[in-house]
Trainee: 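Structure provided below as structure tokens; questions to follow.
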Amino acid sequence: MIEESPYKIYVDVNVEFTKDGKLIPRSIIWDDGTTYEIQKITDIRRAASLVAGATGIRYTIYVDGYESHLYFGDNRRWFVEGKEKNKEMVSA
């Protein structure tokens, strides 16, 4: 049986700092250098990532027409939620 395992994917983020101190993420840069523009932010709130097991400021964003969550974690690092397939362990 293949099981989905949640984890955090740390990413670089281009951020705008407003004069009143807000952080507004504008794009996400993946490890391979691909940049994804954030088209829209619909919600900003302090929340826990139940998938990745961390807390921070959660941005509900739209990238390429898809809704996703981007977190500025309490450790001051940006991350998105991801899933990794684990291989089945077979006993001999």
Trainee: What is the minimum heavy-atom distance between Tyr59 and Pro25, and which atoms define it?
Mentor: CE2-CD, 3.5 Å
Trainee: About how many Å separate NZ of Lys8 and CG of Asn75, when rounded to the nearest 0.5 Å?
Mentor: 6.5 Å
Trainee: How many angstroms lie between atom OG1 of Thr60 and atom NE2 of His69, to the nearest 0.5 angstrom?
Mentor: 3.5 Å
Trainee: Is there any ring-ring contact (aromatic ring centres under 6.0 Å, His included) pair reaching into residues 25-53, and which pairs are they, with sequence neighbours excluded?
Mentor: none
Trainee: Determine, using the 4.5 Å side-chain heavy-atom cutoff (strictly less than), whether Phe17 and Tyr71 are members of one ILVMFWY cluster.
Mentor: no
Trainee: Please walk me through it: do Ile38 and Ile28 pass side-chain contact (heavy atoms from CB on, under 4.5 Å)?
Mentor: CA-CA 7 Å; Ile38 297 170; Ile28 298 169; 4.1 Å; yes
Trainee: Given the rule in the side-chain contact (heavy atoms from CB on, under 4.5 Å) test, do Val13 and Phe79 qualify, once you have shown the distances and angles that lead to the verdict?
Mentor: CA-CA 9 Å; Val13 177; Phe79 70 92; over 6 Å; no
Trainee: Consider only side-chain heavy atoms of I, L, V, M, F, W and Y, link residues closer than 4.5 Å, and tell whether Val15 and Phe72 are in one cluster.
Mentor: yes
Trainee: Kindly indicate whether the side chain of Asp12, heavy atoms from C-beta on, has any atom under 4.5 Å from the side chain of Trp78.
Mentor: no
Trainee: Tell me, with the steps shown, if Ile29 and Thr34 meet side-chain contact (heavy atoms from CB on, under 4.5 Å).
Mentor: CA-CA 6 Å; Ile29 302 113; Thr34 304; over 6 Å; no
Trainee: Side-chain contact test, heavy atoms from C-beta onward, threshold under 4.5 Å: evaluate it for Thr18 versus Ile24 and give yes or no.
Mentor: yes
Trainee: Could you grab the distance from atom OG of Ser49 to atom CG of Leu70, nearest 0.5 Å is fine?
Mentor: 11.0 Å
Trainee: Could you pull out all residues at least two apart from Asp31 that satisfy side-chain hydrogen bond (donor to acceptor under 3.5 Å, both in side chains)?
Mentor: none
Trainee: Test Val63 against Ser68 for side-chain contact (heavy atoms from CB on, under 4.5 Å), laying out the working first.
Mentor: CA-CA 7 Å; Val63 175; Ser68 186; 5.7 Å; no
Trainee: Identify each donor-acceptor pair in which a side-chain atom of residues 39-47 lies under 3.5 Å from a protein atom, sequence neighbours left out, and give them as a table.
Mentor:
unit_1, atom_1, unit_2, atom_2, d
Gln39, OE1, Asp64, N, 2.7
Gln39, NE2, Glu37, O, 3.3
Asp43, OD1, Arg45, NH2, 3.4
Asp43, OD2, Arg45, NE, 2.6
Asp43, OD2, Arg45, NH2, 3.2
Arg46, NH1, Asp74, OD1, 3.0
Arg46, NH2, Asp74, OD1, 3.1
Arg46, NH2, Asp74, OD2, 2.9

